[in-house]
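Since we're looking at a predicted model, the values are computed, not measured. When reading the values below, keep in mind they use all heavy atoms of this one structure, side chains included, and skip hydrogens, waters and symmetry mates. Counting starts at 1 for both ligands and their atoms, following the listed order.
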Amino acid sequence: MDGNGRWAVNRGLPRIAGHRQGAQVVHDIVATAPAAGVSALTVFAFSTENWKRSADEVGSILHLFVTTVTKWLPDLVTQRVRVRVIGERSSLPPDVRTAVRVIETQTESGDGLHLNVALNYGGRAEIVHAAREFATACAAGRATPESLTESTFESNLWLRGEKSPDIVIRTGGESRVSNFLLWEMAYAEFFFLDVLWPDFTPDALNDVIRMFRKRNRRFGGA
Ligand code: IPE
Ligand code: MG
């Protein structure tokens, strides 16, 4: 969801105004995604690298997460959305960890859209986390190196249980992955869009899905 800062600066607004507008767009996309044929949506809200930003911006983004999930909780429950948060939780402030716990527990039985929020997430961090879990299991005698397969490895990823994404959309005009879902995106179709995230719309999502359906996916086959 890149481009929030530029969207705000273009309007002479503080960067956080762009993040706020960006959050509103997430709300609109979550509401329309199921009708567009989307069963799972993972949004990159805050990366393990975003701590490099000013303390003011970091604090504002994390605070925005807390106020947003609190405000949306009733809507999400009504829409039967199941929310999960992926990322390194232990270094998040206590109020953020509490909000994560509340949103996950209260939406746990949702049988509609799977909404995964990547918060303090890094693709490499996720892979290291999974490797550490596996090494711990080996050290405790619960697993052996020979028992490691792609699927047992995946069972230790934060995004475990979710089908690998078919589509990766990056807004904001940059053509790079920036440490998102490194393991999971092995066979995803990429869409790098020039639109800034706060200007992204349900129509734009439908356009991407239309283009996706025209792509010829061979998964290594001929
Ligand atoms: C939002 O966009 C993504 C987050 C890290 C929350 P940016 O804040 O990176 O916006 P630009 O790239 O500065 O426009
Ligand atoms: Mg950016």
Does a donor on one side chain and an acceptor on the other come within less than 3.5 Å for [X] and [Y]?
X: S91; Y: N120; result: yes
X: E162; Y: N116; result: yes
X: H27; Y: D75; result: yes

Distance under 6.0 Å and angle within 45° of ring axis: R11 vs W7: yes
N50, any N or O under 3.5 Å of ligand 1 N or O: no
Nitrogen or oxygen atoms of W7 and ligand 1 under 3.5 Å apart: no
Any sub-3.5 Å donor-acceptor pair from [X]'s side-chain atoms to [Y]'s backbone N or O?
X: R170; Y: D2; value: no
X: T201; Y: A204; value: yes
X: S147; Y: A143; value: no

Considering only non-hydrogen protein atoms, determine which one is nearest to [atom] and report residue, atom name and distance to 0.1 Å.
atom: atom 8 (O) of ligand 1; result: R53 NH1, 2.7 Å
atom: atom 10 (O) of ligand 1; result: G5 N, 2.9 Å
atom: atom 7 (P) of ligand 1; result: D2 OD1, 3.6 Å
atom: atom 3 (C) of ligand 1; result: M1 O, 3.3 Å

Pair R217 + E189, salt bridge at N-O below 4.0 Å: yes
SB check R132 E126 (cutoff 4.0 Å): no
Contact with ligand 1 for G172, non-hydrogen, under 4.0 angstrom: no
A45 touching ligand 1 at heavy-atom level, < 4.0 angstrom: yes
Derivation of the side chain to side chain donor-acceptor pair (under 3.5 Å) call for E154 and T152: CA-CA 5 Å; E154 274 176 0; T152 55; over 6 Å; no
Aromatic ring proximity, centroids under 6.0 angstrom, Y121 and F46: no
Contact atoms of ligand 1, heavy-atom distance to R15 under 4.0 Å: 7 (P), 8 (O), 10 (O), 13 (O)
Proximal atoms of ligand 1 relative to H19 (non-hydrogen, under 4.0 Å): 1 (C), 6 (C), 8 (O)
Polar protein atoms near the Mg ion (ligand 2) [N, O or S; cut-off under 2.8 Å]: D2 OD1
